[in-house]
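Hydrogens, waters and symmetry mates play no part in the numbers below; they use all other heavy atoms, side chains included. Every number for a ligand or one of its atoms is a count from 1 in the order of the listing. Model, not experiment: these values are computed from the prediction.
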Amino acid sequence: MLSRTRFALLSAATMLASVAQAAPTVSRLTPPSELFASGNAAPVIARFLPGQRFDMQATLRPDGEDKRIVSAQFSIDGKAQSLPVALRDCAEGCLRTVPKNAAIATLRAIATEKPGLHEFSVSAIQSDGQTVVAGGNFEIVPFMPGGQKIRNIIIMLGDGMGAAQRTAARIVASGYAQGKAIKPLSMDTFPVTGMVKTSSLNSIVTDSSPGMTSYVSGNKNNNNEEGVFQDDTTDPFDNPRIEYLSEYLHRTQGKALGVVTTADVFDATPAGNAVHTSNRGAGAGIVDQFLDDRQLTGLSVLMGGGRKWFLPAGVPGSARSEASDYAFSATDAHTADIVRRWGAAPGARDTQRDLIADFQSAGFAYAASKADLDAASGKADKLLGLFAYSNMNVAPVDQMASKAIGVLRKSRKGFVLMVEGASIDKQAHNMDTERWMLDTIEFDRAIKVAQDFARENGDTLVIVTADHECSGAALIGGSRLTDAKLVEAAAKGGKDGLRDPVVGIYEQAGFPRYRIAADGYPETTDIDYRLLVGYGANADRYEDWRTNARPVQDSQQPFVKKEPLSTYPATPADRDKDGKFMITGQVPGESAVHTATDIPLSAFGPGAYSFTGVLDNTDVFFKLAQAAVRGVLAPEGLFARSPKAKK
Ligand SMILES: [Zn+2]
C-alpha cells in the first residue's frame with residue numbers, strides 16, 4: 001500500500017529530479033532494501049550475522065550514450081569503504097534491459113560486526129563529472145548470551161512437505177482409533193513446532209532454491225537463485241554472494257558440511273547449502289563448485305543421485321556441458337574478486353573433467369551402490385555417494401542419513417547436515433498421491449535416525465521442515481468403496497462413476513486403515529475404503545483414485561527414451577484416462593505447483609524452543625546460528641525484551 005507520506009516524498013523527489021539537470025542513475029542496489037526500492041525505511045531488509053560475509057553491488061547508468069561511469073565507491077554508515085571497487089562495463093555480458101554503457105560496481109566479501117540497523121550507499125562519478133548517490137539499509141542481527149552451544153545441526157528438509165503431507169503419512173502409517181492416531185510419526189514427537197512463512201524475494205510462491213537458502217543464509221533470494229542476490233549480468237555464477245551457514249560455521253568454527261538428498265545432487269535444495277548461482281539448472285558448474293569450494297563450506301559428505309554431471313562428456317549418460325559450467329576471469333576484477341576476496345575456486349569450462357576421480361583425489365571415498373556405501377562408510381572421513389544418473393527412484397534416505405551421520409560425527413568441531421526427502425515434492429507435482437505418501441513415510445524414518453542421534457548425543461539440534469508446500473494437497477475424505485468396487489466404478493467412469501458414489505466426506509470417510517507389513521510400509525496402498533486426496537494447485541488430471549502402476553517419466557534422466565522409462569506416462573494427464581473423470585485444474589501446464597501456504601517446522605534437541613510461533617523462513621538461520629555460536633536461549637528468553645530495547 002502506498003502511504004500518504006511516502007507518496008508525498010516521491011512527489012517531492014520527482015520534482016527535484018525534473019528541476020535538476022539529468023544525471024546518472026542507480027537502477028539496482030544490493031543488498032536489496034525497501035529503502036532503496038521505494039524510499040520506505042521499512043524493516044523488510046537484508047539481515048546478516050555479525051561478521052557474515054556478503055557482496056555489495058550497484059548497477060549504474062549514465063545519462064547519455066556518449067557518457068560512461070568512471071568511478072564508484074560504497075559507504076557504510078557514512079564511512080567510505082577503502083577496498084577497491086570492481087567496475088565492470090556492460091558492453092558485453094549484461095542483460096538486454098541494461099544499456100551497453102552501464103557499469104556494475106561490486107565490492108566482494110565484506111562484513112560488519114556491529115549489531116543493529118546500518119545504512120549504506122553507493123556514489124558514482126560519470127565521465128562529465130556528474131555524480132549520483134543512492135542508499136539502502138541492512139541489519140546485523142545480534143547474538144544474545146546463551147547457554148549450551150550446540151555442536152551439530154541437522155536440517156531434515158521434506159521438499160514440498162506441508163501439513164497435509166504430514167497428516168496423510170500419519171494416517172497411512174499408523175491408522176487412527178477412537179479419533180486418535182495409534183502411533184505418531186517421528187516428526188510428531190518433536191517437542192516444539194512452529195509455522196513458517198515461505199515467500200521468496202520476488203514471489204509469495206517460492207521454488208526450492210530460495211526456499212532452502214533462506215534457512216541457511218538468512219536472506220531472501222529470487223526464485224531459481226541460490227545463495228546470491230539478483231544482478232544485471234547473464235553469467236549465473238557472478239552474482240553478489242551471501243555467506244551460507246555452512247561457510248560461516250566452517251570459517252569461524254571448523255564445522256563440516258554434509259548434504260544428502262534423494263534428488264540429483266545438483267538440484268536446488270542440496271545446492272542451496274553450498275553453491276552460489278542464479279541458475280539452479282547450471283548442473284556442471286554446480287557439482288564442480290561442491291568439490292572446488294569445499295575449503296569454504298567444509299563439505300565432507302555428498303550423497304544422492306546425479307552421476308550424469310560427474311562423468312566426462314561423451315561417456316554414456318554424461319550431461320556435462322560448457323553451457324552449464326563456469327569459469328571466473330583472472331583479469332576482470334568483477335569475477336576475479338570472487339576468487340581473491342571469497343577464496344572461491346576459479347572454475348574451468350572442463351567438459352572432460354572426471355569429477356568422481358577428482359573427489360577421490362581429494363580424499364573422498366566413493367560409493368555407487370549400497371554395498372559400496374556399507375563398505376566405505378566405516379573408515380571414510382569424507383564420502384561421495386552417487387546412486388543414480390539423476391534423481392533417485394528408490395531412495396533409502398534413512399540409510400543415507402545414517403551413513404552420513406556416521407562419517408560426520410568424526411568431525412572434531414561438529415557438523416551441519418541437510419537431508420532432503422526430495423520425492424515428496426516431485427511426486428506431489430505429479431499428483432501421484434500414493435507415491436508422495438510413501439515418500440513422506442520413508443522420510444520420517446530418516447527423521448528418526450536424526451532424532452535418535454540427537455537423543456543419544458545431547459548437543460545436536462534437529463529441525464524438520466519443508467521449503468514450501470507442493471500441490472495444495474488436502475485430505476478430502478475416504479473412499480466409500482472397496483478396492484474391487486473402485487475398479488468397477490472406473491469402468492462406469494465420469495463423475496457419476498468416480499466422484500459421487502466414491503468420495504466419502506465427513507463421517508462417510510471414517511478411518512482408512514492400511515495394513516502395515518513388517519518393513520513398516522503398507523502391504524498395499526490399494527486398500528478398501530482408502531484415504532482420498534484432492535489438490536488445490538492442480539493441473540488438469542484424470543483421477544481413478546487407485547495407485548498408479550508406474551510413475552510419471554522423469555525428464556531429468558539421461559535414458560528417458562529407453563525402456564523402462566519410455567513406458568512410463570509422459571505427463572500426469574496421460575494417466576487414468578479410461579475412467580473419463582477429468583478434474584479441471586486451476587493452474588496451467590501439466591503439473592501441480594507449489595503454494596504460498598505456511599508450512600510446519602518441528603524442532604528437537606537443545607535450542608528447539610526458539611522455533612515456536614509464526615516464523616519467517618529467514619528467521620530460522622539466525623536461530624540456528626545463535627544456538628551454534630553463542631548458545632541456546634532459555635525458553636523464557638522468548639518473552640524477554642530484545643537487547644535493542646534495553647539500550
Ligand atoms: Zn517442487
Side-chain angles (χ1 to χ4, degrees), residues 155-166 168-169 196-216 220-226 259 261-273 277 279-281 283 286 304-306 390-393 395 397 418-433 435-440 442-443 464-474 533 535-539 541 551-557 571-572 585-601 617:
I155 302 172
M156 302 299 298
L157 199 295
D159 206 300
M161 191 173 73
Q165 285 81 1
R166 289 173 66 147
V196 179
K197 298 174 272 186
T198 64
S199 297
S200 69
L201 183 58
N202 64 341
S203 175
I204 53 168
V205 184
T206 188
D207 78 295
S208 289
S209 316
M212 180 74 234
T213 60
S214 59
Y215 294 138
V216 293
K220 301 281 185 181
N221 292 170
N222 274 6
N223 284 2
N224 304 312
E225 305 197 344
E226 296 161 357
V259 174
T261 179
T262 58
D264 189 318
V265 296
F266 99 110
D267 210 11
T269 304
N273 286 273
T277 180
N279 177 9
R280 59 176 283 176
I286 287 169
S390 181
N391 301 312
M392 294 170 70
N393 55 356
V397 60
M418 192 289 301
V419 179
E420 183 198 21
S423 303
I424 302 165
D425 177 76
K426 294 188 191 302
Q427 298 304 342
H429 278 293
N430 292 336
M431 301 165 283
D432 197 331
T433 303
R435 284 193 169 77
W436 64 249
M437 284 176 178
L438 294 179
D439 284 322
T440 309
E442 181 173 71
F443 187 57
V464 175
T465 188
D467 40 5
H468 49 73
E469 197 277 338
C470 182
S471 78
V533 172
Y535 296 94
N538 62 308
R541 80 181 199 278
V552 170
Q553 269 176 24
D554 175 1
S555 61
Q556 302 279 319
Q557 302 292 344
T571 81
Q586 298 93 323
V587 301
E590 291 163 337
S591 301
V593 298
H594 300 172
T595 67
T597 312
D598 292 355
I599 47 96
L601 179 151
N617 52 9

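- Under 4.0 Å is where a charged nitrogen must lie from a carboxylate oxygen, and between D439 and K426 no such pair does.
- No side-chain donor-acceptor contact under 3.5 Å links H468 and T595.
- In this structure, a donor-acceptor pair under 3.5 Å is absent between the side chains of S209 and N224.
- The one candidate from M212, E420, Q165 that meets the side-chain contact (heavy atoms from CB on, under 4.5 Å) condition with D159 is E420.
- Residues D467 and T206 have side chains not in contact (no heavy-atom distance under 4.5 Å, counting atoms from C-beta outward).
- Protein N/O/S atoms closer than 2.8 Å to the Zn ion (ligand 1): D425 OD1, D425 OD2, H429 NE2, H594 NE2.
- Between the side chains of S200 and N202, at least one donor N or O lies within less than 3.5 Å of an accepting N or O.
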